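One structure is given here, and the rest of the page talks about it.
In this text the structure is predicted, and so the values were computed from the model without any measurement. Counting starts at 1 for both ligands and their atoms, following the listed order.
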Amino acid sequence: MSGFDRFFLMNAEDAARYAAEVLHLFESGEDLRCREIGDGNINYVFRIESEASGRSVIIKQADRLLRSSGRPLDVRRSKIEARALQLESALAPGLVPEIYHCDEIMAVIAMEDISDYRNLRSELAENRIYPHLAEQISSFLADTLLPSTELVLDRREKKERVCFFTNPELCEITEDLVLTEPYDNYKNRNIVTPGNEAFVEEALYRDETLKAEVGKLRCAFMNNAQALLHGDLHTGSIFANEQGVKIIDPEFAFYGPMGYDIGNVIGNLFFSRGNKAFTAPDDTEPAAALDRTICELYDKTREKLSGKYNELVEFSLYRSGQFKSFYLDGVMADAIGYAGTELIRRVVGDSKVSELTSVQDPALRLPLERTLIRLGSFLVKNRGRICSGAELTEAFRHILTEGESL
Ligand code: ADP
Ligand code: MG
């Protein structure tokens, strides 16, 4: 395995050689096709395929410098991602790509090629309907989150995992970009669409109740080491086809509040729902399917967490029905709150989603953004009062119709 004993940033040729010489996945001299297919702004992703056998592999490499801005970022995130994928794979078999190899020196993960599955954000934009989404994603959430808590794991092992998954640099990105700057633009990085400045000033920077509630969510994110989270579970980390879903890219994994992952998915589904509300005729089937997905995702996640709890939690005090309700009510309230912070941060922060940027007509874009900010703020403030998927989708419908008069 010559040449891979010291870190360097690979190009496509290096990655193909790595697949043959280090992974031994291909015969020496086999004709390989290798392409960099990364579309994220952080890492490099290579797809290597043998023309003859059709076999393929994905090699993901973390660079010491962030792909987008060039600023330094700890490559230990690659080791965290690989370990998180292995744990997720053991708990939710088939829902994440299989890991073949992980290399700390090169900051490389070699994994199963899931090119048969497609980016869920793009699929929803193209009005593809997958009736299995809520079932699959809720299984991933319940199966990976609850078993990683100290309610289930040996407490010593849980503490060791909390240490291993301490991920300060990536957590700081979330603490700043998601849970601070949309309300206090102290780094001057917010990007507010021209025409919505006064609205953002009023609805975010000057709403003291909202800011206090977001403070609580930020504090919980930083201090509640409840479960091993994926940490970046937006619809671009979920891939789907008719058979099911695959979930990739847990480099933000760390021990935090379970509701953060659940809320992240819900918030991102609302971007697609909001986009359809403003760009397509009302009551189309894809919009109705999204409503069903959001509604069922909330309900099924709650139901499956409850089922997992009954099955796996043995400690006497935690077997109390009252404690269980307190615990799961808290998780689901957090989920609603973090759905709200995700909605808000993608509208005013610099990590915009395509459901917004693709809407270029200000007559649509401005009210779409205001609706999503109003929804986000409502969810943060009312997170303890929403207890079902139906109430969640009803909140969106209400804000959509009453919006400009609120
Ligand atoms: P980043 O951490 O830079 O965001 P991702 O893990 O999200 O990188 O991967 C970027 C893109 O590379 C994905 O959107 C997807 O298109 C492709 N990709 C990543 N992992 C795989 C895989 N296992 N199989 C097929 N494509 C993949
Ligand atoms: Mg990514």
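Proximity annotation for atom 25 (C) of ligand 1: of I109, V57, D113, D113 comes nearest, heavy atoms only.
Within the 4.0 Å heavy-atom criterion, the part of I248 lying near ligand 1 is the side chain and not the backbone. Contacts with ligand 1 closer than 4.0 Å are made by side-chain heavy atoms of I58 only, the backbone lying farther away. The proximity of V45 to ligand 1, defined as any non-hydrogen pair under 4.0 Å, is limited to the side chain. Residue E112 touches ligand 1 through its backbone alone, judged by heavy-atom distances below 4.0 Å.
Applying the salt bridge (charged side-chain N to carboxylate O under 4.0 Å, His left out) rule to K276 yields no partners; only residues at least two apart in sequence or on another chain are considered. Residues meeting the ring-ring contact (aromatic ring centres under 6.0 Å, His included) test with F164, sequence neighbours left out: none.
Considering both main-chain and side-chain atoms, K60 comes within under 3.5 Å of ligand 1 through a nitrogen or oxygen pair. Checking only distances, M111 never comes within under 3.5 Å of ligand 1, N or O to N or O. Residue D249 has at least one nitrogen or oxygen atom sitting less than 3.5 Å from a nitrogen or oxygen atom of ligand 1, judged on distance alone.
A donor-acceptor pair under 3.5 Å links the side-chain atoms of D299 to the main chain of G389, judged by distance alone. For the pair N223 (side chain) and C219 (backbone), a donor-acceptor distance under 3.5 Å is present. At least one donor-acceptor pair under 3.5 Å links the side chain of S148 to the backbone N or O of L228.
The distance from ligand 1 to the heavy atoms of E251 drops below 4.0 Å at these ligand atoms: 2 (O). If you number the atoms of ligand 1 from 1 as listed, the ones under 4.0 Å from a heavy atom of I37 come out as 12 (O), 17 (C), 26 (N).
For an aromatic pair to be called close, the ring centres must be under 6.0 Å apart, and Y205 with Y183 fails this.
Using bins of under 30°, 30° to 60° and over 60° for the plane-to-plane angle, the ring pair Y318/F323 lands in the parallel bin.
Using a 4.0 angstrom heavy-atom cutoff, F239 counts as in contact with ligand 1.
Between R17 and E13 there is no salt bridge, since no side-chain nitrogen of the basic residue lies less than 4.0 Å from a carboxylate oxygen of the acidic one.
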